[in-house]
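Working notes, beginning with the structure itself.
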Amino acid sequence: MKVVLLGPPGSGKGTQSKFLVDKHQFVQLSTGDLLREKVASKDSSLGQEISKIMNNGDLVPDDIVIQLIVEKISELKNRNIIFDGFPRNLNQATVLDHSLKEILVSLDKAIFIDVNHEILKDRILTRINETNIEDRRPDDNIDTLLKRIEVYKSNTFPIVEYYKKKGILKEVNGMSSIENVSQQILKIIS
Ligand code: B4P
């Protein structure tokens with residue numbers, strides 16, 4: 001099974017992906033994590049360029065993100081994959097469709113975690129407060145979050161309509177508890 005998790009920054013895509021990996025034999029493909037690995041490796045000017053873009057709340061250019069993800073898709077083609085944070089714009093959505101078609105599989109579901117944008121600030125503030133200074137994400141601050149929300153509205157939200165038209169969109173209420181959101185997702189994929 002191949003599933004995309006969609007939602008605004010802080011809606012719980014990473015949180016729910018971990019649940020599916022731990023309890024339901026999925027592998028998680030998180031472009032956020034892959035990009036953070038590139039930044040942490042500090043081996044190139046590319047890492048520094050990515051770091052600046054992420055810390056500003058912008059989307060990393062498609063060519064960089066697509067290269068990172070397409071390699072992994074063919075490696076993992078026989079596994080249940082959860083796409084976390086990818087696609088993030090319509091171009092990435094069509095690239096994902098083509099990449100899956102090439103390995104003769106298709107996307108089963110796109111799950112949209114719907115949350116009120118007002119609560120995103122509280123969630124990120126909670127995460128900042130609960131994380132040691134050295135482990136904090138540099139893009140977890142209010143100014144960057146507001147930018148990430150704007151970028152989400154203009155670039156990522158249109159994908160919801162794209163998957164609706166394809167007939168594979170499912171929505172969950174992301175305002176309830178982490179456990180309840182997991183149960184809603186489980187119903188969709190079982
Ligand atoms: P990501 O790493 O994808 O992060 P995110 O969208 O900000 O967060 P997510 O939705 O995963 O929230 P989480 O579960 O952590 O992106 C970071 C950056 O990478 C982007 O801004 C962009 O620059 C770049 N990037 C990534 N993919 C890209 C792409 N495809 N193209 C271009 N650029 C890309 O949850 C947040 C917090 O809420 C946690 O503390 C969690 O505990 C809490 N929480 C979750 N669910 C909850 C619930 N139900 N109730 C209460 N709290 C909850």
Side-chain angles (χ1 to χ4, degrees), residues 4-22 28-40 46-73 82-96 99 110-132 135-159 171-186:
V4 160
L5 276 189
L6 284 171
S11 56
K13 301 181 293 291
T15 305
Q16 296 303 328
S17 296
K18 280 178 188 62
F19 162 76
L20 292 172
V21 170
D22 292 345
Q28 174 190 16
L29 272 185
S30 158
T31 37
D33 289 349
L34 291 169
L35 291 167
R36 280 185 284 276
E37 275 170 29
K38 277 265 170 232
V39 170
L46 180 64
Q48 290 171 14
E49 185 193 332
I50 294 173
S51 165
K52 262 193 227 150
I53 297 169
M54 290 175 81
N55 296 351
N56 198 33
D58 284 315
L59 292 184
V60 174
D62 282 358
D63 54 345
I64 298 175
V65 176
I66 286 166
Q67 199 193 346
L68 281 177
I69 204 109
V70 166
E71 285 167 8
K72 303 268 175 191
I73 290 174
I82 185 91
F83 292 95
D84 163 13
F86 182 89
R88 251 183 166 87
N89 60 31
L90 283 170
N91 180 46
Q92 294 182 11
T94 54
V95 168
L96 178 60
S99 304
I111 301 176
F112 173 48
I113 306 179
D114 191 15
V115 297
N116 183 330
H117 293 186
E118 303 298 307
I119 66 147
L120 299 175
K121 199 167 130 188
D122 293 340
R123 285 196 186 175
I124 296 303
L125 284 175
T126 305
R127 177 157 71 186
I128 293 169
N129 292 331
E130 287 176 351
T131 310
N132 295 331
D135 296 328
R136 279 183 198 157
R137 275 173 47 174
D139 61 344
D140 267 353
N141 60 71
I142 296 309
D143 285 347
T144 306
L145 175 69
L146 294 177
K147 178 71 184 291
R148 282 156 63 195
I149 293 173
E150 286 314 309
V151 169
Y152 165 79
K153 285 184 194 162
S154 55
N155 289 263
T156 311
F157 188 70
I159 308 178
E171 288 190 28
V172 298
N173 173 7
M175 303 287 286
S176 49
S177 68
I178 291 175
E179 294 72 22
N180 183 277
V181 178
S182 301
Q183 290 314 310
Q184 295 177 61
I185 291 177
L186 211 50

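Remember, it's 1-based here, ligands and their atoms both numbered in the order they're listed. Positions are given from 1 along the sequence. Heavy atoms only: backbone and side chains are in, while hydrogens, waters and symmetry mates are out.
Remark: E171 engages no residue in a salt bridge (Lys or Arg N to Asp or Glu O under 4.0 Å) (not counting sequence neighbours). The salt bridge (Lys or Arg N to Asp or Glu O under 4.0 Å) check on R136 picks up nothing, with sequence neighbours excluded.
Here the protein heavy atom with the shortest distance to atom 51 (C) of ligand 1 is R123 NE, 3.6 Å. Summary of contacts: the protein heavy atom closest to atom 33 (N) of ligand 1 is V60 N, 3.1 Å. Among protein heavy atoms, atom 24 (C) of ligand 1 sits closest to L35 CD1, 3.8 Å. Summary of contacts: the protein heavy atom closest to atom 11 (O) of ligand 1 is G14 N, 2.9 Å. In this structure, atom 27 (N) of ligand 1 lies nearest to the protein heavy atom T31 OG1, 2.7 Å. Atom 39 (C) of ligand 1 has its closest protein heavy atom at R127 NH1, 4.0 Å. Here the protein heavy atom with the shortest distance to atom 19 (O) of ligand 1 is M54 CE, 3.2 Å. With hydrogens left out, the protein atom closest to atom 8 (O) of ligand 1 is G10 N, 3.3 Å, a heavy atom.
Of all heavy-atom pairs between L59 and R88, the closest is CD2-CD, 3.3 Å. Residues P9 and Y152 come closest through the heavy atom pair CD-CB, 3.9 Å.
Residue Q92 touches ligand 1 through its side chain alone, judged by heavy-atom distances below 4.0 Å. At a 4.0 Å heavy-atom cut-off, ligand 1 does not touch S30 at all. Heavy atoms of D58 found under 4.0 angstrom from ligand 1 belong exclusively to the backbone. Counting heavy atoms under 4.0 Å from ligand 1, residue R137 touches it through the side chain alone. Under 4.0 Å from ligand 1, heavy atoms of T15 appear from its side chain as well as its backbone. Counting heavy atoms closer than 4.0 Å to ligand 1, residue T126 contributes nothing at all. Residue contacts with ligand 1 for S177 involve N, CA, C or O but no side-chain atom from C-beta outward (heavy atoms, distance under 4.0 Å). At a heavy-atom distance under 4.0 Å, only backbone atoms of S176 (N, CA, C or O) approach ligand 1.
A donor-acceptor contact shorter than 3.5 Å is absent between the side chain of Q67 and the backbone of D63. Formation of a donor-acceptor pair under 3.5 Å by the S51 side chain with backbone atoms of G47 is not found in this model. Between the side chain of Q28 and the main chain of F19, no donor-acceptor pair closer than 3.5 Å is present. Between the D135 side chain and the T131 main chain, no donor and acceptor come within less than 3.5 Å of each other. Checking side-chain atoms of K121 against main-chain N and O of L145 turns up no donor-acceptor pair under 3.5 Å.
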side-chain contact (heavy atoms from CB on, under 4.5 Å) between I64 and E49, intermediate numbers included: CA-CA 11 Å; I64 298 175; E49 185 193 332; 4.3 Å; yes
Verdict with reasoning, T31 to I69, per side-chain contact (heavy atoms from CB on, under 4.5 Å): CA-CA 7 Å; T31 37; I69 204 109; 3.5 Å; yes
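Looking at N173 and D114, their side chains never bring a donor and an acceptor atom within 3.5 Å of each other. A donor and an acceptor atom, one from each side chain of N56 and D58, are located under 3.5 Å apart. In summary, the side chains of T144 and N141 do present a donor paired with an acceptor at a separation below 3.5 Å, with no hydrogens or angles considered. Using modelled atom types and a 3.5 Å distance limit, the side chains of D62 and N91 yield a donor-acceptor pair.
An N or O contact shorter than 3.5 Å is missing between G57 and ligand 1 by distance. Checked against a 3.5 angstrom limit, the closest N/O atoms of F86 and ligand 1 fall outside it. By the 3.5 Å distance cut-off applied to N or O atoms, I53 is not counted among the residues near ligand 1.
Within the listing of ligand 1, atoms 27 (N), 28 (C), 29 (C), 30 (N) sit less than 4.0 angstrom from a heavy atom of G85. The distance from ligand 1 to the heavy atoms of G32 drops below 4.0 Å at these ligand atoms: 2 (O), 26 (C), 27 (N). Close approach to P9 involves these atoms of ligand 1, each under 4.0 Å from a residue heavy atom: 5 (P), 6 (O), 7 (O). Below 4.0 Å from some heavy atom of D139 lie the following atoms of ligand 1, by number and element: 17 (C), 18 (C). Each of the following atoms of ligand 1 lies closer than 4.0 Å to a heavy atom of P8: 10 (O). Below 4.0 Å from some heavy atom of V65 lie the following atoms of ligand 1, by number and element: 29 (C), 30 (N), 31 (N), 32 (C). Interface of G12 with ligand 1, defined as ligand atoms under 4.0 Å from a residue heavy atom, comprises 10 (O), 12 (O), 13 (P), 14 (O), 35 (O), 45 (C), 46 (N). Ligand 1 places these atoms under 4.0 Å from at least one heavy atom of R148: 5 (P), 7 (O), 21 (O).
A salt bridge does not link R123 to D140: none of the charged side-chain nitrogens sits closer than 4.0 Å to a carboxylate oxygen. Salt bridge E150/K147: absent, no basic N to carboxylate O contact under 4.0 Å.
Using 4.0 Å as the threshold, G7 has no heavy atom nearer than that to any atom of ligand 1. At least one heavy atom of R36 sits less than 4.0 Å from an atom of ligand 1.
Distances from atom 3 (O) of ligand 1 to the heavy atoms of K13, K147, R88 put R88 nearest.
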